[in-house]
*Asks:* 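Before we start, here is the structure in question, set down as structure tokens.
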Amino acid sequence: YVDLIWGTEPVAHVTEFSANDITLSWTDPETGILPDAYLVRRSSVSFEDIASPSDGVFIDNNPDNKNIPYGTELCVFRGGVPGTTYYFKVFPYKGSGEM
């Protein structure tokens with residue numbers, strides 16, 4: 001949905017897994033309204049368990065939430081439990097609080 005409106009969805013999602021770490025990598029968009037950063041959220045429950053952030057409300061980094069600056073194209077979640085299914089959502093945002 002965000003990509004259709006803003007054209008800011010990262011492309012070429014690639015995922016690497018180890019016993020305890022999950023690395024997500026992507027290629028940032030180069031056209032459209034470019035984000036300043038991405039909020040990457042993780043859940044071990046379901047996609048539906050991952051809440052959409054509210055505009056203007058910053059989410060601190062913690063084991064299940066990572067703020068990744070535009071241009072980094074990489075996010076690592078550490079401390080996973082082997083055999084657990086994890087779900088991820090990526091939310092682009094501008095420093096002004098716009099999502």
*Asks:* With rounding to the nearest 0.5 Å, note down the distance linking CG in Asn20 to OG1 in Thr84.
*Replies:*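 Asn20 CG to Thr84 OG1: 10.0 Å, rounded to 0.5 Å.
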*Asks:* Is there a continuous path of hydrophobic side-chain contacts, each under 4.5 Å between heavy atoms, that joins Val81 to Val45?
*Replies:*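 Val81 does not cluster with Val45.
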*Asks:* Is it the case that the side chain of Arg42 and the backbone of Tyr86 share a donor-acceptor pair, with hydrogens and angles ignored and the cut-off at 3.5 Å?
*Replies:*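 The answer is no, because no donor-acceptor pair under 3.5 Å joins these two groups.
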*Asks:* Nearest heavy-atom pair of Ala51 and Phe91: which atoms, and what distance?
*Replies:*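 Nearest pair, atom of Ala51 first, then Phe91: O-CZ, 4.0 Å.
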*Asks:* Between Tyr38 and Tyr93, what is the shortest heavy-atom contact and its length?
*Replies:* C-CE2, 3.6 Å
*Asks:* Atom OG in Ser52, atom NZ in Lys89: separation rounded to 0.5 Å?
*Replies:* 5.5 Å
*Asks:* Report whether Leu39 and Phe47 are members of the same hydrophobic cluster (ILVMFWY, side-chain heavy atoms less than 4.5 Å apart, transitive linking).
*Replies:*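 Leu39 clusters together with Phe47.
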*Asks:* Looking only at non-hydrogen atoms, find the nearest pair between Pro69 and Ala37 and report the distance.
*Replies:*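 In terms of heavy atoms, the two residues are closest at CA-CB, 3.9 Å.
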*Asks:* Rounded to the nearest 0.5 Å, what separates atom CG in Asp60 from atom CG in Asn65?
*Replies:*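 With rounding to 0.5 Å, CG (Asp60) is 9.0 Å from CG (Asn65).
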*Asks:* Walk me through it: do Phe77 and Leu24 pass the test side chain to side chain contact (heavy atoms under 4.5 Å, CB included)?
*Replies:* CA-CA 8 Å; Phe77 285 87; Leu24 306 175; 4.2 Å; yes
*Asks:* Within this structure, what is the CZ-SG distance for the pair Arg41 and Cys75, rounded to the nearest 0.5 Å?
*Replies:*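 Rounded to the nearest 0.5 Å, the CZ-SG separation comes to 12.5 Å.
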*Asks:* First locate atom CZ of Arg78, then atom CG of Asp21, and finally report the distance between them rounded to the nearest 0.5 Å.
*Replies:* 4.5 Å
*Asks:* Which heavy atom in Thr72 sits nearest to a heavy atom in Asp28, and how many Å separate them?
*Replies:*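 Nearest pair, atom of Thr72 first, then Asp28: N-OD2, 4.1 Å.
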*Asks:* Would a hydrophobic clustering, with Ile, Leu, Val, Met, Phe, Trp and Tyr connected at side-chain separations under 4.5 Å, put Val76 with Trp26?
*Replies:* no
*Asks:* Starting at CG of Asn67, measure out to CG of Asn62 and round the result to the nearest 0.5 Å.
*Replies:* 9.5 Å
*Asks:* Among all residues two or more places apart in sequence or in another chain, which pass the salt bridge (Lys or Arg N to Asp or Glu O under 4.0 Å) test with Asp49?
*Replies:* none
*Asks:* Closer than 3.5 angstrom, by distance alone: can the side chain of Tyr70 be matched with the main-chain N or O of Pro29 as a donor-acceptor pair?
*Replies:*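 Side chain of Tyr70 to backbone of Pro29, a donor-acceptor pair under 3.5 Å: yes, one is there.
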*Asks:* Are the side chain of Lys94 and the backbone of Leu34 linked by a donor-acceptor contact shorter than 3.5 Å?
*Replies:*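 Flag set: sc Lys94 to bb Leu34 pair under 3.5 Å.
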